[in-house]
Q: 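Structure below; questions to follow.
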Number of protein chains: 2
Amino acid sequence: MALTAKGQATRRRIIEGAAAYLRSDGAGGVTLDDIRAITGTSKGQIFHYFPDGKDELFLAVARFEADRVLSDQQPHLGALTSWPAWERWRDAVVARYRAQGRSCPLGVLMNELGGTPGAQEVVSALVDQWQAHLRDGIAEMRQAGLVRSEVDADRTSAALIAGIQGGVQMLRSTGGVGHLEAALDTLIDHLRR
Amino acid sequence: MALTAKGQATRRRIIEGAAAYLRSDGAGGVTLDDIRAITGTSKGQIFHYFPDGKDELFLAVARFEADRVLSDQQPHLGALTSWPAWERWRDAVVARYRAQGRSCPLGVLMNELGGTPGAQEVVSALVDQWQAHLRDGIAEMRQAGLVRSEVDADRTSAALIAGIQGGVQMLRSTGGVGHLEAALDTLIDHLRR
DNA sequence: GATTTTCTGGACCTTCCGGTCCACTGTGGT
DNA sequence: ACCACAGTGGACCGGAAGGTCCAGAAAATC
């Protein structure tokens, strides 16, 4: 399938429009017709650019959103080399999810995609990269003597990931960022002492 | 709606059958027809016992499953008065979710119910009770001098809840209990030192 | 035993939604 | 100017799923 410049623009418009819709509304049932209406396209176009239909489109949107998750944490996430840097990262995460509110684009996409091959792969890749950054940060802090040497970078970064995920989930159901903050603060405090 | 003994039995059969189906399969799209087939009932019966249809039935199932979550952690969760007790509770949680595997009945129900009033209330009530048990446990440990007094029982219990939720979510997407264990162990270790 | 109420079964309806199809338009290459 | 192919619009289809309805069986009440 050869795409002209116009074609690429339309394809992007569909993906970004769908992503924006998910972010704003966060409603459960997202239909192709919703996306069609919002992006000002037609069924024909959607299936022209995503021949495998809904799954293929949603997977593309999921990849797009997954990228955003990490880039929204930069540059902090990539340079966790001092306590102030950790604090800035913590604040960036809290701010990002507070702004996102109850809606969770990736969550909606994952449950829409269900068992589709490739769906879990996207989230796995995201989590792996995320955790790797944290692990690197902890390792650097330890080498610099800022974190005591008994700390297991692997397990602690895994705990942080779990805490964040759970905190976000609590945000989805309660609307508050309290759990997210508690998890981040407690775990960073654990690193610190 | 007056229910005879037979009627109550059928009603329960529907709820428990649906719950068992969710637990075993964990598939995304659960339909009334699935439940009808599995519980050996008919559409007429489902709407007889749950006049508001799918939402009412699923809400009942959600309540049933939410009860299980806490009772599966007993008696450990109710008596977190020593470090061995905390360890037993930790093991019970890990075992419970390892057994549950990737399927997550409550998760499926919540996303099926979406924004239905009462749905988030069920999960909120569950989380509140859960966290209250942990908070009480931490408070008792502190009174007994087993936990240092600077520990904030509220925040630490919130962090534990977040860690567990996130760990379970990781279990759903990766199939492993590593994140759950890391979160529990790291946070309990934080209490301990 | 009669009657009223509950229980059960399943045919049927309606809506929604993903997906197909085809005709038409624009565009880029020669 | 022509032509091939990408882009666009929207009518239409088929199946799935929630929900309605009613007739008949079973059970409770008197």
Side-chain angles (χ1 to χ4, degrees), chain A residues 1-18 21-22 25-62 108-119, chain B residues 1-18 21-22 25-62 108-119:
Chain A
M1 190 173 58
L3 288 190
T4 67
K6 190 178 179 188
Q8 286 185 342
T10 302
R11 198 188 134 98
R12 277 187 46 198
R13 196 171 81 241
I14 294 174
I15 291 178
E16 292 176 12
Y21 176 64
L22 287 178
D25 185 316
V30 191
T31 71
L32 291 186
D33 236 48
D34 293 334
I35 295 174
R36 186 195 53 69
I38 283 155
T39 60
T41 51
S42 63
K43 276 276 183 69
Q45 297 179 68
I46 292 182
F47 282 86
H48 181 66
Y49 295 108
F50 305 93
D52 285 346
K54 198 186 180 187
D55 286 355
E56 187 181 356
L57 166 55
F58 280 21
L59 202 54
V61 177
V108 173
L109 288 168
M110 292 323 289
N111 89 42
E112 211 85 24
L113 288 171
T116 328
Chain B
M1 191 173 56
L3 287 191
T4 67
K6 191 179 178 187
Q8 285 185 343
T10 302
R11 198 187 134 97
R12 277 188 46 199
R13 195 172 82 242
I14 294 174
I15 292 178
E16 293 176 11
Y21 176 63
L22 286 178
D25 184 315
V30 190
T31 72
L32 291 186
D33 236 47
D34 292 336
I35 296 174
R36 187 195 53 67
I38 284 154
T39 60
T41 52
S42 65
K43 275 277 183 67
Q45 296 179 69
I46 291 182
F47 281 85
H48 181 67
Y49 295 109
F50 305 93
D52 285 346
K54 198 185 178 188
D55 285 356
E56 187 181 355
L57 166 56
F58 279 21
L59 201 54
V61 177
V108 172
L109 288 168
M110 292 323 289
N111 91 41
E112 210 85 25
L113 288 171
T116 329

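Chain letters run A, B, ... following the sequence lines, proteins first, then strands; residues in each count from 1.
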Q: Any side-chain N or O of A:T10 less than 4.0 Å from the OP1 or OP2 oxygen of D:dT8?
A: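 So the side chain of A:T10 is within the cut-off, an N or O lying under 4.0 Å from OP1 or OP2 of D:dT8.
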Q: Please state how far atom CZ in B:F47 lies from atom C1' in D:dA17, giving the value in whole angstrom units.
A: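 These atoms are roughly 10 Å apart.
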Q: What is the separation between atom CG on B:L57 and atom C1' on D:dG18, rounded to the nearest whole Å?
A: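 After rounding, the gap between these two atoms is 12 Å.
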Q: Measuring only between side-chain heavy atoms, which start at C-beta, is A:L3 closer than 4.5 Å to A:Y49?
A: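 Of all side-chain heavy-atom pairs linking A:Y49 with A:L3, at least one is under 4.5 Å.
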Q: Can you see if the side chain of A:Y49 gets near the phosphate of D:dT8 - specifically, an N or O under 4.0 Å from OP1 or OP2?
A: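 So the side-chain polar atoms of A:Y49 do come within 4.0 Å of the phosphate oxygens OP1 or OP2 of D:dT8, strictly under.
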Q: Students often get this wrong, so: under 4.0 angstrom with heavy atoms, is A:G7 touching a base, only sugar-phosphate, or nothing?
A: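 It contacts sugar-phosphate atoms only.
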Q: Look at the side chain of B:K54 against the base of D:dG19 and say whether a donor-acceptor pair falls under 3.5 Å; ignore hydrogens and angles.
A: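 There is none.
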Q: Which nucleotide, D:dT8, C:dG9, C:dG18, lies nearest any side-chain atom of B:Q45?
A: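 The nucleotide sitting nearest to the side chain is C:dG9.
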Q: Would you say that B:I35 contacts B:F58 through its side chain, given a criterion of any heavy-atom pair below 4.5 Å between the two side chains?
A: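 Side-chain contact under 4.5 Å: yes.
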Q: Round to a whole Å and report the spacing from CG of B:D33 to P of C:dG10.
A: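 After rounding, the gap between these two atoms is 12 Å.
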Q: Taking the side chain as everything from C-beta on, heavy atoms only, tell me whether A:R11 gets closer than 4.5 Å to A:F50.
A: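 Heavy-atom side-chain distance check passes, below 4.5 Å.
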Q: Does B:A5 or B:L32 map to a spot on DNA chain D nearer the 5' end, using the closest nucleotide for each?
A: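 Its nearest nucleotide lies further toward 5', so the answer is B:L32.
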Q: Please give me the minimum heavy-atom distance between B:V61 and B:L22, naming the atom from each residue.
A: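 Reported closest heavy-atom pair: CG1-CD1, 4.1 Å.
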Q: Starting at NZ of B:K43 and ending at P of C:dC13, how long is that distance when rounded to a whole Å?
A: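 Atom NZ in B:K43 sits about 14 Å away from atom P in C:dC13.
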Q: Can you check the A:D55 CG to C:dC17 P distance for me, whole Å?
A: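 Taking atom P of C:dC17 as the reference, CG of A:D55 is at 16 Å.
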Q: With the side chain of B:T4 defined as its heavy atoms from C-beta on, choose the nearest nucleotide among C:dT6, D:dG9, C:dG18.
A: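 That would be C:dT6.
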Q: Look at the side chain of A:S42 and decide which nucleotide, out of C:dT8, D:dT20, D:dG10, has an atom nearest to it.
A: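 Nearest to the side-chain atoms of A:S42, counting from C-beta on, is D:dG10.
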Q: What is the separation between atom CZ on A:F50 and atom C1' on D:dG7, rounded to the nearest whole Å?
A: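 Atom CZ in A:F50 sits about 14 Å away from atom C1' in D:dG7.
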Q: Check the distance between C:dT5's P and B:L3's CG and give it to me in whole angstrom.
A: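 So the CG-P distance, B:L3 to C:dT5, works out to 16 Å.
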Q: Which part of the nucleic acid does B:G53 contact within heavy-atom distance under 4.0 Å: base, sugar-phosphate only, or nothing?
A: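 Sugar-phosphate, backbone atoms only, no base.
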Q: How many whole angstroms separate atom CZ of A:R36 from atom P of C:dC17?
A: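 Going from A:R36 (CZ) to C:dC17 (P), I get 12 Å.
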Q: Counting only side-chain heavy atoms from C-beta out, which of D:dG18, C:dG18, C:dT8 sits nearest to B:H48?
A: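 Among the listed nucleotides, the one closest to the side chain of B:H48 is C:dT8.
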Q: List in chain and number order the residues that pass salt bridge (Lys or Arg N to Asp or Glu O under 4.0 Å) with B:R13, two or more places apart in sequence or in another chain; answer none if no residue qualifies.
A: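 If we apply the salt bridge (Lys or Arg N to Asp or Glu O under 4.0 Å) test to B:R13, skipping adjacent residues, there are no hits.
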Q: How do B:K6 and A:G44 order along DNA chain D: which one's closest nucleotide is nearer the 5' end?
A: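 With B:K6 and A:G44 compared, the 5'-side residue is A:G44.
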